[in-house]
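Structure, as structure tokens:
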Amino acid sequence: KGRQLNDGLEAALSDDGMQSGRIMVYVRLRPLSKMEKEAGSRSCIRIVNKRDVYLTEFALETDYLRLKRLRGRHFAFDAAFPENTGQQEVYDTSTAELIEGVMQGRNCSVFCYGATGAGKTYTMLGTMQSPGVMVLALKDLFFKLKQQSRGDDYVVKLSYLEVYNESVRDLLSPGRPLVLREDSKQGIVAAGLTQYQAYSADEVMILLQRGNQNRQTEPTRVNETSSRSHAILQVVAEYKVQQEASYVSRVGKLSLIDLAGSERALATDQRTLRSLEGANINRSLLALSSCINALVEGKKHIPFRNSKLTQLLKDSLGGACQTAMIANISPSNICFGETQNTLHWADRAKEIRTKVSSNEDLQIPESQEDQTKLLLQMQKENQQ
Ligand code: ADP
Ligand code: MG
């Protein structure tokens, strides 16, 4: 059976990943931060051939002066970006191809996954000087629309929203939580969500930075600026392209997702109100994990309805769309546990390539204790 599985995997891998509907999985390593250097941490990650990732576990020697190498593990991804990789290269490798998909009228999505501080927001949004995937994607999209669509006859609409504590908020126009409803044409929509019509990529950076300031951040013991919110930028492009003698209308959709920190709630302060919020964030990430697991296993029922995040992403996962996942990691041995988790998760996501045939509910346990059990079980399975 293992053999068959391997053959299947190889066949799927030798296909063009995009064509077969497989999720493309990338890993981005950020540089050691000043704080990590000052804490005397060393790198536990080595990237070779822009593809292979070696993770090393260290232990303190008994004299407490040196770190001893314990064991290593090897992972391979569609691409792995070493710490000196620039934003443009990350964009070109991971996302440029998806813009082609949007120009074919498809749904495409890019996720950033990883612990708080691993570089998700830097990768997605970036800075004024080094804009990230969101801005570079829009730049590219406008360029292609100008090139390929009829005249200036296109519309690009942006929505920027967050899922925080299982409620959905408009980051472009903060206010009351939005209600999700099923639309026969558009799928799941957030009622009343701002759709901002953009005319160039230049205006987008400021818009998104302002939106990001509206994201909910909560101090936790693990990290003062830890973000428990998932941010989703939805870009809808409507345009006309020439086909033989006439023009046809197309709609392409791009979702760019900056997920909440994937660190386990177990690592943060569990007490009081925050534990509830932690549980809810876990619920969305857990639901995402269980959708991924269900997709990997080729299950008929994918539990999209189990969280707000997965409801919103229903048409952005699985075989019917083009998806890229960027797993962000820190090189520091202090972050070993989180990095290991992130790499296992990314390794698992690589196997998604089945077509989604129908969407129905699977049950996710309500209580946090049961959720934690399920999470631990899934982590154990991933490690086998
Ligand atoms: P996250 O969103 O995953 O919590 P951030 O993107 O905010 O993490 O990154 C944490 C810090 O590390 C920020 O100060 C950010 O500027 C810096 N950083 C992250 N990735 C890189 C990178 N590839 N190059 C340089 N600095 C980075
Ligand atoms: Mg962030």
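Fair warning: this is a prediction, and the values are worked out from it, not measured in the lab. Whatever order the structure lists ligands and atoms in, that order sets their numbers, starting from 1.
The minimum heavy-atom distance between L138 and L158, with the atom names listed, is CD2-CD2, 3.9 Å.
Within a 4.0 Å radius of atom 21 (C) of ligand 1, the protein contributes at least one heavy atom.
Within the set Y122, F81, Y113, the minimum heavy-atom distance to atom 6 (O) of ligand 1 is found for Y122.
Contact analysis puts A118 in contact with ligand 1, with a non-hydrogen atom separation below 4.0 angstrom. At least one heavy atom of A115 lies less than 4.0 angstrom from ligand 1.
The residues R348 and E297 are annotated as salt-bridged, a charged nitrogen and a carboxylate oxygen being separated by less than 4.0 angstrom. Salt-bridge formation is not detected for the pair R106/E100: no Lys NZ or Arg NE/NH1/NH2 atom is positioned less than 4.0 Å from an Asp or Glu carboxylate oxygen.
At least one donor-acceptor pair under 3.5 Å links the side chain of S41 to the backbone N or O of E36. At distances below 3.5 Å, not a single donor-acceptor pair connects side-chain atoms of R46 with backbone N or O atoms of T56.
Nearest protein heavy-atom neighbour of atom 8 (O) of ligand 1: G119 N, 3.1 Å. At the shortest separation from atom 4 (O) of ligand 1 among protein heavy atoms lies G117 N, 2.6 Å. Annotation: atom 7 (O) of ligand 1 to nearest protein heavy atom, T121 CB, 4.2 Å. Closest to atom 12 (O) of ligand 1 among all protein heavy atoms lies R30 CD, 3.9 Å. Closest protein heavy atom to atom 24 (N) of ligand 1: P31 CD, 3.4 Å.
Note that CG of L312 is 10.5 Å distant from NE2 of H230, once rounded to the nearest 0.5 Å.
Looking at residues two or more places apart in sequence or on another chain, you find a salt bridge (Lys or Arg N to Asp or Glu O under 4.0 Å) between K157 and E238.
Close approach of ligand 1 to R28 is summarised as follows: ligand atoms under 4.0 Å from at least one heavy atom of the residue are 23 (N).
When heavy-atom distances to ligand 1 are checked against a 4.0 Å cut-off, E83 has no atom that comes that close, whether in backbone or side chain.
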